[in-house]
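Proteins come first, then strands; the chains are lettered A, B, ... in the order of their sequence lines, and each starts at number 1.
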Amino acid sequence: MAELKYESPQTTEAAVALLAAGGPTARVFAGGTDLMVQMHEEMIEPTLLVDIKRISETRQITFEDDYVRIGAAVTGAELGEHAELKAMWPGVVEAVELIGSYQVQGRATIGGNLCNASPAADSVPALIAAAARVVIAGPGGVRDIPVEDMPVGPGRTSLAAGEFVTSLLLPKRAERAGDAYLRFIPRTEMDIAVVGVGVSVTLNPDGTCATARMALGAVAPTARLVKAASDILVGNKLDHAVLEALAEAASDACSPIDDKRGTIVFRTKVAGVLACRAAAIAWQRAEKN
Amino acid sequence: MAKNFVTTTINGDEVEFASYPGQSLLDVLRSELHMTGTKNGCGSGDCGACTVVLNGRPVNACLVLGVELDGAEIETIEGMATGTKLHPLQQKFLDHAALQCGICTPGILTMAKAFLEKNPDPTESEVRYGLAGNLCRCTGYDKIVRAVLDAAADMRADG
Amino acid sequence: MSNDQSTTNYRWVGKRTPRPDGVDKVTGRARYGDDMSVPGMLHCKILRSPHAHARIVSIDLSKAKALKGVKAVLTCAEIPDHPLSEPPYAPIINDMHDISRNVMAREKVLYDGHAVAAVAATSERIARAALKLIDVEYEVLPHVLDPLEAAQPGAPILNEDQFTFGDETEPKVPSNLFRSITGKRGDLEAGFAEADLIIEREFISEPVHQGYIEPLACIATTSEDGCVELWTTTQGHFVIRALCAKLLNMELAKIRVTASEIGGGFGGKNTIYGEPVAIRLSQMTGRPVRMVMTRTEVFRASGPTVGSRSKIKMGAKKDGTITAAEVDTWYQAGAFKGAPVGRAVETYFSSYKIANVRATCYDVCVNRPKVAAYRAPGAPMAAFAAEGAINELADRLGIDPIDFRLKNAVGEGDESLMGSKYGQIGLVEVLEKVKSHPHYAAPLGPNQGRGFALGYWMHGGGLSSVSAHLLDDGTVTVATGNPDIGGSRSSMRVMAAEELGIDIELIKPIVADTGSMGYSHLTAGSRTTFATGWAVVNAVREIIDKLRALAAKKWGISVDDVIWESGQAVPKKAGQDRIKPLSLKELAGMATKMGGAIAGHSEINAGGVGAAFSAQLVDVEVDPETGFVTPTRYTVVQDVGRAISPDYVEGQMQGGAVQGIGWALNEAYIYDAEGRLQNTGFLDYRMPVASDVPMIDTVLVEVPNPNHPYGVRGVGEPCLVPAPAAVANAVENAIGRTMSWLPLSPPKILQAIEELKLAAE
Ligand SMILES: Cc1cc2nc3c(=O)[nH]c(=O)nc-3n(C[C@H](O)[C@H](O)[C@H](O)COP(=O)(O)OP(=O)(O)OC[C@H]3O[C@@H](n4cnc5c(N)ncnc54)[C@H](O)[C@@H]3O)c2cc1C
Ligand code: FES
Ligand code: FES
């Protein structure tokens with residue numbers, strides 16, 4: 001039996017040192033809502049858990065000049081209670097709030113959702129649509145990358161040995177901007193996304209679209225940015241033809257699998273449906289901003 | 001396996017326990033502290049039978065590590081009644097027959113209490129979403145929802 | 001006698017009384033299977049097959065045995081083998097040959113999750129680690145999951161010693177088809193010839209799990225003299241004792257089983273899984289051994305209910321008379337024979353008077369866990385097919401679905417296909433109640449549909465034992481041998497209090513262990529309030545008789561001149577009114593001085609079961625773009641005979657309906673191409689959560705069962721029977737076409753909607 005050790009460092013540097021020394025079987029432990037399940041089911045057998053929740057940087061939400069910084073270990077419940085953030089990025093916050101139950105919300109972190117690298121992780125399409133960046137600390141210092149470059153396959157990230165995520169950066173919202181996230185699950189709660197769609201738009205004063213980003217989850221090995229969405233939306237209003245094109249672009253961007261959660265046909269079709277619905281909500285929010 | 005020594009407050013009492021890394025709070029409560037009121041229905045966060053309140057928030061005890069709890073405050077079903085006086089929720093669950101087998105009951109009561117503290121005047125739908133993390137296979141939820149709504153009304157009246 | 005049907009001014013029966021075990025359950029004090037620990041106990045973990053079908057070539061235990069903390073390792077070599085049982089076969093087959101192999105695989109593993117070896121160690125962690133050190137060499141074999149495929153010649157054979165029973169030609173090759181049961185009457189050909197409309201449909205349902213929240217758990221303690229004490233979560237500790245004794249070749253009296261509080265069962269805790277393993281490990285080590293299954297193990301290795309394939313044909317005249325009905329249904333039994341085929345035939349068409357009818361049901365083995373009972377075993381899938389066909393008939397004939405059923409409804413004196421004869425039944429009353437219910441006429445919005453279905457169930461009777469004891473201070477203990485799953489202690493107490501004429505608070509109901517009572521069959525089959533309740537009535541009446549005798553002795557009059565009224569002995573004859581009545585409490589205080597303690601016993605084999613009917617109305621809304629279904633309104637109308645504890649009767653009806661919603665919409669066992677179960681947890685085995693369902697309205701129709709002292713009919717099971725069919729019918733109505741394959745998951749519904757759109761273009 002491999003011995004399992006637990007550490008709870010108070011600084012980023014100490015965490016990096018522990019992770020680097022711990023090798024490939026060392027794991028960052030944030031809310032534990034993925035890790036505990038994976039350990040319980042014996043899917044993984046780590047030898048070291050590095051709890052990052054005592055590092056203050058990972059636990060804060062701070063507003064800086066051009067962006068909002070969300071600590072990686074901020075929980076869903078905390079994000080949901082943050083009125084200012086919720087007003088600014090309602091889509092991102094609602095995506096995180098969709099994770100699990102109230103009980104799971106009390107623990108699940110935004111960084112954990114990203115780093116677990118599930119193709120169905122709810123926050124990821126919303127973060128990609130929001131053009132969020134990930135701040136990574138490691139033996140070589142600090143770097144930041146776009147969220148879409150983080151997951152590289154189911155359960156795999158682009159993090160190098162000894163690295164971990166300290167925070168996420170969301171740009172400050174422009175005027176007339178709005179975002180939204182929708183997912184499909186077969187129940188109303190306690191389920192994993194069969195399809196997830198995040199949309200973020202800014203509008204021109206005349207009501208046409210100025211910028212747009214759309215990302216899909218659960219329809220490919222990683223969440224993906226649908227580049228075509230921006231071409232379809234920018235310069236246009238959300239009329240029937242635009243929506244049809246958007247739905248088609250969303251469906252075209254899918255390369256899903258048949259599994260216990262959904263079929264290829266279903267995922268492809270519903271991606272288009274949710275793309276339109278999410279775009280409509282983001283639009284409404286932008287108009288009100 | 002080496003165990004860590006942890007000092008916590010459980011239901012207002014200082015409680016010390018030794019836990020090995022990897023051991024869940026649920027296992028600590030049930031196996032080390034013999035507090036078996038918190039139930040084990042899945043061990044994977046899906047059923048809510050293990051719900052406890054950790055530092056003011058409801059959580060699944062099966063998804064929390066024992067070793068991370070130094071200094072933590074924990075509330076369990078064993079602390080819900082005051083002496084021999086049942087909490088209004090407990091009483092309403094009896095009055096409304098909101099339990100059949102009762103295995104889900106401690107988790108649901110704990111969740112409902114935490115939920116009503118945040119939302120003292122919920123709608124039926126809010127109660128249902130509030131309890132979505134707690135499976136009950138016996139009751140079909142009807143009487144549970146009624147009991148929670150009724151308890152909420154009484155608790156509001158009692159301020 | 002209180003079975004005067006007009007007497008409804010009961011003091012306790014039918015009232016909303018507090019529940020005797022309630023406080024322990026809301027405070028966390030009640031002890032369930034996994035809440036017990038015994039000093040010095042070892043922890044048992046079971047190694048399970050990763051293959052759907054494989055021959056076990058070899059098992060190497062040496063490394064596991066060498067691990068520090070491991071006290072014993074066991075394989076099938078430690079579990080006695082038994083010969084195959086011989087015909088005639090009982091309706092419920094408990095073949096020790098099969099049970100032995102299901103408890104621990106012998107020649108082969110037959111499903112993903114099949115137990116192969118077990119370890120007892122000083123901690124659960126060590127036991128888990130030891131499992132990884134057991135080397136099993138498998139020869140993987142082709143597998144089969146579908147009952148129709150499995151019944152074909154050439155299919156992979158699970159049990160090579162199984163030959164189809166009842167074939168006229170003596171079978172020469174083994175088959176996965178164990179047997180079929182047929183019920184028939186009349187002349188089908190003539191019946192279909194009379195019909196103006198004939199429909200033929202196929203229906204499919206997937207296996208679903210009982211989904212009880214408390215995992216299976218037990219602790220076995222053995223002693224040097226060969227005695228065993230077993231603590232376990234079960235629906236029937238006497239059955240567990242019988243099965244363990246038989247399997248392990250032990251004497252019954254040497255096994256004493258105590259039932260823990262039980263965290264749900266629904267039929268899934270009617271048999272043995274880990275109990276004999278824990279007993280054997282305890283015998284091997286001389287230490288108590290505790291076995292607790294994980295949720296994953298519960299899904300992989302304890303029985304779900306059957307999945308089914310049905311081919312049904314029905315014919316009716318324009319006026320709505322059903323002229324003929326015919327069905328073939330293949331039930332998959334899992335790895336060993338024993339699907340509830342008789343129950344299926346019993347259920348088919350049994351609400352309807354049909355002159356020409358045949359139902360055949362086939363019991364087929366496949367590479368899935370052996371099925372267990374689930375709330376009205378065999379019936380909901382049969383009702384799904386039959387009610388689906390009947391709804392289509394009514395629809396196509398343009399007849400209101402309730403009128404259609406009223407036209408064909410069975411009545412007193414009619415018989416089910418398996419020969420159950422109906423006494424006084426409430427079917428027509430139930431249908432009339434649905435028709436006049438505001439729900440039936442309520443308007444529907446866009447994308448909404450309303451479904452209706454009817455379910456029939458004949459509950460169980462059988463063996464029950466009760467010991468009631470009057471204590472010195474006038475309190476009474478009432479001990480039964482039936483675990484209390486959903487409030488049966490409350491009903492027992494109510495009936496005892498009603499008979500004795502005393503306050504319910506003076507009565508303490510107890511679930512006694514197997515060492516303290518006569519045999520009591522399972523808390524299952526909706527039988528407990530009926531059969532065990534009856535025994536309670538008998539037992540307390542014996543107490544009453546003894547109290548009358550005591551009073552007679554005291555007064556020096558004949559016992560025939562003493563009656564029992566409102567909790568006291570009263571002289572019957574005029575002129576004796578100067579004798580002051582003696583209360584139960586006064587008599588209790590006298591008893592030990594005047595002859596001895598007073599107790600009443602009853603050991604019965606209850607007959608006189610009554611048919612019960614449950615009718616359900618449900619509204620759903622379907623999202624036409626995603627196929628997502630929202631149940632928006634649900635009403636259950638059921639003949640409950642008499643509701644002893646209405647709170648818990650309603651609770652049964654509500655719980656059954658919601659289980660039916662899950663069954664209809666999302667629950668299913670999902671396998672990959674290798675036959676491995678994919679959804680082994682609650683996250684992907686999608687049972688309804690609170691936000692998935694509406695309030696469930698209940699209407700209790702009380703047409704008393706004349707055979708029971710209080711008119712009781714079984715209520716726990718009938719309510720699940722029509723539920724999947726009713727929900728499916730609502731979806732059909734919302735989208736405008738028939739649906740025949742459960743669960744009606746969003747992908748299937750969306751596909752149906754798309755096909756309709758294409759057809760319209
Ligand atoms: C019942 C239940 C329901 C769920 N429902 C949903 C759902 O609806 N949608 C959804 O998306 N997810 C769901 N999840 C999964 C899970 O809750 C989320 O993914 C959650 O956000 C994970 O966060 P965590 O802090 O708990 O992660 P942890 O379990 O602590 O970590 C997850 C992974 O990320 C790594 N990690 C964590 N933080 C960092 C970091 N800062 N830097 C580098 N690596 C890190 C860990 O090493 C681990 O591999 C559910 C889980 C449960 C148990
Ligand atoms: S036991 Fe923790 S959620 Fe089920
Ligand atoms: S009462 Fe049995 S699970 Fe809720």
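With a 4.5 Å cut-off on non-hydrogen atoms, C:Arg29 does not touch chain B at all. At a 4.5 Å heavy-atom cutoff, the contact between C:Val23 and chain B is made by backbone and side-chain atoms alike. Only the backbone of B:Thr139 comes within less than 4.5 Å of a heavy atom in chain C; its side chain stays farther off. Looking at B:His87, neither its backbone nor its side chain comes within 4.5 Å of chain C, counting heavy atoms on both sides. If you measure heavy-atom distances from B:Glu124 to chain C, the contacts under 4.5 Å come from the side chain alone. Residue C:Thr27 touches chain B through both its backbone and its side chain, counting heavy-atom pairs closer than 4.5 Å. Contacts between B:Leu109 and chain C at a heavy-atom distance below 4.5 Å involve the side chain alone, from C-beta outward. Only the side chain of B:Phe93 has a heavy atom closer than 4.5 Å to any heavy atom of chain C. For C:Pro483, no part sits under 4.5 Å from any heavy atom of chain B, backbone or side chain. With a threshold of 4.5 angstrom between heavy atoms, C:Glu124 does not approach chain B through any atom at all. The part of B:Leu86 that comes within reach of chain C is its side chain, from C-beta onward, which places non-hydrogen atoms under 4.5 angstrom from that chain.
Looking only at atom types and distance, the side chain of B:Asn11 has a donor-acceptor partner in the side chain of B:Thr76 under 3.5 Å away. If you check the side chains of C:Ser526 and C:Glu717, you find a donor sitting under 3.5 Å from an acceptor.
Interface remark: of the candidates C:Asp647, C:Val658, C:Asp21, C:Ile213, C:Ile213 forms the most heavy-atom pairs closer than 4.5 Å to chain B. For the options C:Tyr634, C:Tyr32, C:Tyr212, heavy-atom pairs under 4.5 Å to chain B are most numerous at C:Tyr32.
One finds a salt bridge joining C:Lys45 and C:Glu297 here, because a Lys/Arg side-chain nitrogen approaches an Asp/Glu carboxylate oxygen to under 4.0 Å. Contact check on C:Asp34 versus C:Arg290 returns a salt bridge, with a Lys/Arg side-chain nitrogen under 4.0 Å from an Asp/Glu carboxylate oxygen. Using a 4.0 Å cut-off between charged side-chain N and carboxylate O, C:Asp35 and B:Arg30 make a salt bridge. The residues C:Glu261 and C:Arg489 are annotated as salt-bridged, a charged nitrogen and a carboxylate oxygen being separated by less than 4.0 angstrom.
Looking at C:Lys269, its side chain does come within 3.5 Å of a backbone N or O of C:Gly264 through a donor-acceptor pair.
C:Phe266 and C:Tyr374 have perpendicular rings, their planes meeting at more than 60° on a 0 to 90° scale where under 30° would count as parallel.
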